[in-house]
Amino acid sequence: MATFLFKTEPSEYSFAHLVRDKRCTWTGVSNPAARIALRQVKRGDRILIYHTGDEKAIVAEAKALTNAYADPAQPGLNDRGEVNFPVVDLAPVKLWATPITLAAIKSDARLKDFGLVKQSRLSVMPVSPQQEVVLNALSTGTKHNRIHA
DNA sequence: GCCAACGTTGGC
DNA sequence: GCCAACGTTGGC
């Protein structure tokens, strides 16, 4: 199972919307690098949800209900035989008690190569196993701090 | 196939 | 609101 991070502008479609909808099809990814990542998503993969704009934090996680597949509105393959406009269906898993802020991610040297830091416009990106370990630690770490505050 | 001009994203 | 860092477009 792999892990990915999906960005969204919460005023357009937030994790709360996904909870309300129970599932959604993640469409509209046009950036080529983001599409490369999106094509790799498989059913069961863990999807971290990042809110852009005022929030700038990983706020929740979801899971892929499907492999990446061609957007029915824009079917067809590209010249490399890949799905041209990939989409994937998601279901919510849980809202995190404490988001991991972009500031926290940027300030951690172990995440200096993370797509979120390196390429701020990238909207879908893989999370390597090593990066996921660090993010998991940041997530539980903040909760831990809260309990003891 | 280059590249200048323009458009977009998203952090600041 | 600004602008850096990309992408895209279209004239040549």
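The shown structure was predicted, so the numbers you read here are calculated from the model rather than taken from an experiment. Sequence lines set the chain letters: A, B, ... in the order given, protein chains first and strands last, and positions in each chain run from 1.
Of the possible polar contacts, none joining the A:R43 side chain to the A:A64 backbone as a donor-acceptor pair under 3.5 Å is found. A:K7 places a side-chain N or O within donor-acceptor distance of the main-chain N or O of A:S120, the cut-off being under 3.5 Å. Within the 3.5 Å criterion, the main-chain N or O of A:P129 finds no donor-acceptor partner in the side chain of A:E132. Side-chain atoms of A:D89 do not come within 3.5 Å of backbone N or O of A:L65 as any donor-acceptor pair. Between the side chain of A:T140 and the main chain of A:N136, a donor-acceptor pair closer than 3.5 Å is present.
Taking side-chain N and O atoms only, A:Y50 has a distance below 4.0 Å to OP1 or OP2 of B:dG11. Within the structure, every side-chain polar atom (N or O) of A:K56 is placed at least 4.0 Å from both OP1 and OP2 of B:dT9. A:Q119 has a side-chain polar atom (N or O) that falls below the 4.0 Å cut-off from OP1 or OP2 of C:dG7.
Note: CE (A:M125) to P (C:dA5) measures 17 Å, nearest angstrom. Rounded to whole Å, the distance from CD on A:E55 to C1' on B:dT9 is 17 Å. In this structure, the CG atom of A:L116 is 10 Å from the P atom of B:dC12, given to the nearest Å. As rounded to whole Å, 17 Å separates atom P of B:dT9 from atom CG of A:D54. Remark: C1' of C:dG7 and CZ of A:R35 are 11 Å apart, rounded to the nearest angstrom. Rounded to whole Å, atom C1' of C:dA5 lies 12 Å from atom CG of A:N31.
Residues A:R35 and A:E82 are not paired through a salt bridge, judged by the lack of any N-O separation under 4.0 Å between the basic side chain and the carboxylate. Electrostatic pairing of A:K63 and A:D45 does not count as a salt bridge here, judged by no charged N lying under 4.0 Å from a carboxylate O.
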Any protein N or O atoms within reach of nucleotides 1-3 of chain C? Criterion: under 3.5 Å, listing atom names and distances.
none

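Here A:K118 lies out of heavy-atom contact (under 4.0 Å) with every strand. Within 4.0 Å (heavy atoms only), A:E9 reaches no atom of the nucleic acid at all.
Proximity note for A:P32 (side chain, C-beta onward) versus B:dC12, C:dG7, B:dG10: the nearest is C:dG7.
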